[in-house]
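Shown next, in structure tokens, is the structure this report addresses.
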2 protein chains.
Amino acid sequence: MENKLTDCDHRHNPKLKGLRMTRQRCAVYQVLMAHRDHPTAGEVYDRAKHSMPTISLATVYNCLEALVQHGAVRQVNFERESSRYCPNLTEHGHFHDEKSGTIIDVPLKKGIHLSDLLELPAGAQIDNLEITLRGKIIHQPSLTTHP
Amino acid sequence: MENKLTDCDHRHNPKLKGLRMTRQRCAVYQVLMAHRDHPTAGEVYDRAKHSMPTISLATVYNCLEALVQHGAVRQVNFERESSRYCPNLTEHGHFHDEKSGTIIDVPLKKGIHLSDLLELPAGAQIDNLEITLRGKIIHQPSLTTHP
DNA sequence: ATTGCACATTAGAATCATTCCAAATTTAGA
DNA sequence: TCTAAATTTGGAATGATTCTAATGTGCAAT
């Protein structure tokens, strides 16, 4: 676990450089860094209240937007559900398990670049890319038999 | 242009086989087949009213859902905007041009299969996959000079 | 062709995530 | 420290979608 005191310090965290720091943004950012999952704004709100009981939901939305605009976290959307927020900044997709509701990061295979796979329109400059998958995790019978 | 009269006829359109056909579902389906673009439910509603002025918005939502469930059209989502509906059933992504608001189908390059590119979680069975791109079309200076 | 009934349609109300508002507060640089 | 500009806040507003419950209809079986 990292030192939370420095998570939001510009001197230690270059991702936040240039972003005006408030107590609220720091609290929201720490919530996202603490569990590395994909909470909704409402879930971030609930968690943030532990360290800052007076924070408002509107502020959580504002902070999340600021962090997303700044590129410090990513926003991910599943169909029309509430937006979720993801601290993983590497290029990856998201698998949404219909059974458990869990969201799992799906890395690209080594060496793959998305733009290599798609017939992009001429002159297209990509600002944002989302790959989302929905499905079920099938419990496969083990291929190895008992001894 | 195809014969609209047969668009919704089970005998001529196997995509609809097994789906109970109503005047409203037919109107909605024809709207989607006529322009091959990506209208929202509201836009489908506006267009459908031309051929059926009494159709209701709730019904348009119902029909679109039925068509999507049946696999006759696809639903596509951009961030948290209104859902859009797409008659293209081939595997492809969507590019959303920030300037014009246009949506452009983005085919996969020949021979590419998405599952080849992603490190899927073990046992994952994919029911739905969305690839969405947002960006700008840059007008590139022509490489050829005037004669 | 008629019928029965499970499924569809409809208008309007309800929901719910998100955004807007305008006043009070806070940040960060001079 | 002081100040301007940005941020926070609670509550109201928005807007896409879903729900409700009453009415209507496709179509399989007769």
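Because only heavy atoms are used, hydrogens play no part in the values below, and waters and symmetry mates are left out as well, while side chains stay in. Treat the numbers as computed from the prediction; the structure is a model and nothing was measured. Letters A, B, ... mirror the listed sequences (proteins, then strands); counts begin at 1.
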- Task: Round to a whole Å and report the spacing from OH of B/Tyr29 to C1' of C/dA8.
- Result: 19 Å
- Rounded distance in Å - NZ (B/Lys17) to P (D/dC27): 13 Å
- Message: Please pick, from C/dA11, D/dT9, D/dT17, the nucleotide with the shortest atom-to-atom distance to any side-chain atom of B/Tyr61.
- Response: D/dT17
- Query: Between D/dT17, C/dT10, C/dT27, which one does the side chain of B/Ala41 approach most closely?
  - Reply: D/dT17
- Closest listed nucleotide, where the reference is the side chain of B/Ser83 and the choices are D/dG26, C/dA28, D/dT17: D/dT17
- Message: Please report the distance, rounded to the nearest Å, between CG in A/Leu64 and C1' in C/dA17.
- Response: 13 Å
- Message: Is there a path of hydrophobic side-chain contacts, each under 4.5 Å between heavy atoms of I/L/V/M/F/W/Y residues, joining B/Leu19 to B/Val68?
- Response: yes
- Quick one: sort the A/Phe78 and A/His96 rings into parallel, tilted or perpendicular, breaks at 30° and 60°. tilted
- Task: Give the rounded distance in Å between these two atoms: CG of A/Asn62 and P of C/dC20.
- Result: 10 Å
- Message: Under 4.0 Å, counting only non-hydrogen atoms across every strand here, what does A/Thr59 touch: a base, just sugar-phosphate, or nothing?
- Response: base
- Name the residue closer to the 5' end of DNA chain D, choosing between B/Glu81 and A/Tyr45 according to the nucleotide with the nearest heavy atom. A/Tyr45
- Tell me which of B/Glu65 and A/Leu19 sits closer to the 5' end of DNA chain D, going by the nucleotide each one is nearest to. A/Leu19
- Between C/dT18, C/dT9, D/dT8, spot the one nearest the side chain of B/Arg25, thanks. C/dT9
- Can you tell me how far C1' of C/dT9 sits from NZ of B/Lys49, to the nearest Å? 16 Å
- What is the distance, rounded to the nearest whole Å, between atom CG of B/Asn77 and atom C1' of D/dA16? 12 Å
- Message: Do A/Tyr85 and A/Val76 sit in one hydrophobic cluster, given that two such residues count as connected whenever their side-chain heavy atoms are within less than 4.5 Å of each other, even indirectly?
- Response: no
- Task: Measure from the side chain of B/Arg20, starting at C-beta and using heavy atoms only, and say which of D/dT8, D/dT17, D/dC27 lies closest.
- Result: D/dC27
- From the options D/dT17, C/dA11, C/dT9, select the nucleotide whose nearest atom is closest to the side chain of B/Ser56. C/dA11
- CD of B/Gln75 versus C1' of D/dT17: gap in Å, rounded? 11 Å
- Task: Report yes or no: do A/Val44 and A/Ile103 belong to one cluster of Ile/Leu/Val/Met/Phe/Trp/Tyr joined by side chain heavy-atom distances under 4.5 Å?
- Result: no
- Task: Could you tell me whether B/Arg74 and B/Glu130 have a side-chain N and a carboxylate O separated by less than 4.0 Å?
- Result: no
- Message: Using a strict threshold of under 4.0 Å (side-chain N to carboxylate O), is an ion pair present between A/Asp9 and A/Arg11?
- Response: yes
- Message: Categorize A/Thr40 for me: base, sugar-phosphate, or nothing, with a 4.0 angstrom heavy-atom threshold over every strand shown.
- Response: nothing
- What nucleotide, of D/dT9, C/dT9, C/dT10, holds the atom closest to the side chain of B/Thr22? C/dT9
- Task: Write down the distance between CD1 (B/Ile55) and C1' (C/dA11), rounded to a whole number of angstrom.
- Result: 14 Å
- Out of D/dT8, D/dG10, C/dT9, which has the shortest distance to the side chain of B/Gln24? C/dT9
- Message: Taking the minimum atom-to-atom distance to the side chain of B/Met21, which one of D/dT7, D/dC27, D/dT17 wins?
- Response: D/dC27
